[in-house]
Student: 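One structure, pasted below without further comment.
Bear in mind that the values here come from a model prediction, so they are computed numbers and not experimental data. We use all heavy atoms of the structure for the numbers below, so side chains are in, but hydrogens, waters and symmetry mates are not. Letters A, B, ... mirror the listed sequences (proteins, then strands); counts begin at 1.
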Protein chains: 2
Amino acid sequence: MLTSPPPHLSPRKRPRQARATVTLDAIFEATIQVLIADGPRRLTTTRVAERAGVSVGTMYQYFPHKQALFYALNERYLDLVADKVEATCRAQQGGSVRDMVKALVATYWAAKTERVEVTQALYKSVVELDNEAMIEAFACRVDRATATMFASAADAAFADLHTVVLTLLTSIFGTVRSVFERNLPMDEAEAVLRQLVVMCVAYLDAVKLPSDGGMAPDRSRTVEVPVHDAA
Amino acid sequence: MLTSPPPHLSPRKRPRQARATVTLDAIFEATIQVLIADGPRRLTTTRVAERAGVSVGTMYQYFPHKQALFYALNERYLDLVADKVEATCRAQQGGSVRDMVKALVATYWAAKTERVEVTQALYKSVVELDNEAMIEAFACRVDRATATMFASAADAAFADLHTVVLTLLTSIFGTVRSVFERNLPMDEAEAVLRQLVVMCVAYLDAVKLPSDGGMAPDRSRTVEVPVHDAA
DNA sequence: TGAAAATATGAAGGATCGTTCAGTTTGAGG
DNA sequence: CCTCAAACTGAACGATCCTTCATATTTTCA
């Protein structure tokens with residue numbers, strides 16, 4: 001969590017006892033289930049509470065209002081995805097560009113397909129939520145991890161790494177989202193994904209600096225890419 | 001409009017007099033404005049009517065309920081975008097792959113940036129709408145036009161045109177959407193767009209069939225790509 | 001011009017939903 | 001076991017909101 005949520009969206013209190021944690025998890029899971037079953041419009045505080053097996057009042061002990069619940073839910077999810085991407089990036093340090101792209105696409109796709117309905121439900125719950133800051137924070141984490149990874153590539157270097165990474169991630173995330181939106185059948189979806197890897201590799205090959213005949217980039221230590229705050 | 005909307009979402013009646021047409025346009029425009037100013041959650045039948053300068057009852061003469069209004073609004077918009085893409089595809093018949101990609105990206109981007117707030121507002125209004133069929137219809141039109149265009153390319157041919165087009169469009173549309181979602185500053189957004197073109201061209205170059213030394217594809221007549229219904 | 005059709009009005013009904021709070025139950029620590 | 005804080009309950013309130021319909025106004029056209 002790079003940035004804490006805006007004050008009006010932050011939780012009321014944190015659970016101190018074990019049962020409270022259980023309750024919170026139940027509320028989150030119930031929210032997802034109601035979102036899937038009834039859609040965002042029929043997602044009601046009462047319905048969520050009922051499904052979670054708690055009373056409405058309990059929800060309001062943790063969240064000042066419905067929006068805060070949504071916010072926390074999405075934040076939880078994005079944090080999880082960011083974790084996975086970061087792990088992948090770490091694992092691919094020093095590898096080939098092709099492997100990096102493959103791993104990146106696979107990781108993101110896996111994270112989104114693990115529970116397809118959840119992903120689609122969350123895409124919808126995002127609406128009407130001041131989630132600019134949240135997305136920004138997510139993007140920041142992923143940008144940084146990806147840039148660090150590509151900076152360590154064994155077989156390529158890039159002049160404008162920032163733009164390259166931005167393009168790559170925007171297109172990967174966007175493409176995956178588009179695949180979900182179009183509701184493509186599995187076989188076509190997977191075909192597009194495979195092609196996406198081809199596309200990204202071809203792109204990186206097109207924009208990489210000409211290799212200096214044998215002088216491989218120094219990989220003796222990990223290059224940390226500085227945080228670049230987009231104003 | 002390839003498919004008519006599901007019965008429960010179709011308009012109640014069509015305007016027969018001039019003033020009715022004016023009213024309808026006012027309602028659509030008001031919907032957009034309220035969507036932008038107040039967000040989808042505060043978008044109320046009363047508010048829309050008020051902004052449109054008509055009474056609530058008038059709205060219900062044309063739409064059986066609020067959702068139908070949303071549906072019609074989005075359908076209108078998508079039809080417009082599809083029109084533009086089709087026009088571009090027609091204009092690029094027989095050109096080079098690079099020009100085609102450039103034109104495609106430019107057209108889609110222009111359509112979405114013409115009124116940025118509208119685009120973002122509509123992205124949000126789409127939620128919670130049985131718009132699968134609508135998106136499917138849009139995708140169908142655009143897929144077909146794009147496939148026809150690329151089939152006529154002067155400098156390349158493709159083995160699996162269907163998959164290539166699907167990949168290309170999914171990534172272009174997805175990337176544009178992602179750019180909007182991240183709210184990138186204009187200069188970065190445009191940089192990504194330029195890179196996107198590079199990316200697509202590199203991809204097409206990577207998957208095109210090896211040119212048969214001088215035997216250019218027959219461009220004497222336009223090849224119509226058959227409609228491919230995704231079951 | 002006059003009647004029929006199309007269009008517009010907006011107060012009122014009915015239903016749902018978010019949120020509160022006074023009171024109860026449960027768990028932790030001494 | 002006792003006490004206090006933490007956690008939980010759910011009926012009730014107030015605020016909207018969607019939709020209808022009886023009525024009024026405007027346009028068409030014979």
Student: Between atom CZ in A:Arg47 and atom C1' in C:dC17, what is the gap in whole Å?
Tutor: 10 Å
Student: In terms of relative ring orientation, are B:Tyr123 and B:Phe180 parallel, tilted or perpendicular, with 30° and 60° separating the classes?
Tutor: perpendicular
Student: Going by atom types alone, do A:Gln195 and B:Tyr203 pair a side-chain donor with an acceptor below 3.5 Å?
Tutor: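 Yes.
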Student: Measure the distance from CZ on A:Arg16 to P on C:dG29 and round it to the nearest whole Å.
Tutor: 12 Å
Student: Testing B:Thr107, B:Thr146, B:Asp83 one by one against B:Thr88 for a side chain to side chain donor-acceptor pair (under 3.5 Å), which residue passes?
Tutor: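 Option passing the side chain to side chain donor-acceptor pair (under 3.5 Å) with B:Thr88: B:Thr107.
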Student: Can you tell which of D:dT19, C:dA8, D:dT9 lies closest to the side chain of B:Lys66?
Tutor: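 The listed nucleotide nearest to B:Lys66's side chain is D:dT19.
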Student: What distance separates A:His65 NE2 from A:Phe70 CZ, expressed to the nearest 0.5 Å?
Tutor: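 Interatomic distance, A:His65 NE2 to A:Phe70 CZ, rounded to 0.5 Å: 11.0 Å.
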Student: Write out a two-atom table: protein N or O, nucleotide N or O from nucleotides 21-26 of chain C, distance below 3.5 Å.
Tutor:
| residue | atom | partner | partner atom | Å |
| --- | --- | --- | --- | --- |
| C:dT26 | O2 | A:Arg19 | NH2 | 3.3 |

Student: Per the side chain to side chain contact (heavy atoms under 4.5 Å, CB included) rule, which among A:Val81, A:Asp79, A:Leu73 passes with A:Tyr77?
Tutor: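 The residue from A:Val81, A:Asp79, A:Leu73 that satisfies side chain to side chain contact (heavy atoms under 4.5 Å, CB included) with A:Tyr77 turns out to be A:Val81.
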Student: Between D:dA5 atom P and A:Arg14 atom CZ, what is the distance in whole Å?
Tutor: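 Checked: the CZ to P distance equals 22 Å.
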Student: Please produce a list of atom pairs where a protein N or O lies less than 3.5 Å from an N or O of nucleotides 12-15 of chain C.
Tutor:
none

Student: Expressed as a whole number of angstroms, how long is the span from A:Phe63:CZ to C:dT20:C1'?
Tutor: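 Value for this atom pair: 18 Å.
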Student: Within a strict 4.5 Å, meaning less than it, do heavy atoms of the B:Ile36 and B:Val118 side chains meet?
Tutor: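 Yes. Closest side-chain heavy atoms under 4.5 Å.
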Student: Angle class for the A:Phe28/A:Phe63 ring planes (parallel below 30°, perpendicular above 60°, tilted otherwise)?
Tutor: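 Taking A:Phe63 first and then A:Phe28, their aromatic rings stand perpendicular (interplane angle over 60°).
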Student: Is A:Asp143 salt-bridged to B:Arg182, going by a charged N under 4.0 Å from an acidic O?
Tutor: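 Yes, A:Asp143 and B:Arg182 are salt-bridged.
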Student: Rounding to a whole Å, what distance do you find between A:Phe70:CZ and C:dG18:P?
Tutor: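 Those two atoms, CZ and P, are 9 Å apart.
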Student: Listed in order of residue number, which residues of residues 21-46 of chain A have a non-hydrogen atom at under 4.0 Å from DNA chain D?
Tutor: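 DNA chain D contact set from residues 21-46 of chain A: A:Thr23.
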Student: Touch check for A:Val56, heavy atoms < 4.0 angstrom, all strands: base, sugar-phosphate only, or nothing?
Tutor: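 Base, at least one base heavy atom under 4.0 Å.
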Student: Under 6.0 Å from the NZ atom of A:Lys84, do we count more than 12 heavy atoms belonging to anything else shown?
Tutor: yes
Student: Choose from C:dT7, C:dT19, D:dT19 the nucleotide whose nearest atom is closest to any side-chain atom of B:Lys13.
Tutor: C:dT7
Student: Please determine, by modelled atom types, if A:Glu188 and B:His162 share a side-chain donor-acceptor pair under 3.5 angstrom.
Tutor: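 Judged by distance alone, the side chains do pair up.
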Student: So does A:Glu132 have more than 12 non-hydrogen atoms from other groups sitting under 6.0 Å from CD?
Tutor: no
Student: Which nucleotide in the set C:dT19, C:dT7, C:dG10 lies at the smallest distance from any side-chain heavy atom of B:Gln61?
Tutor: C:dT7
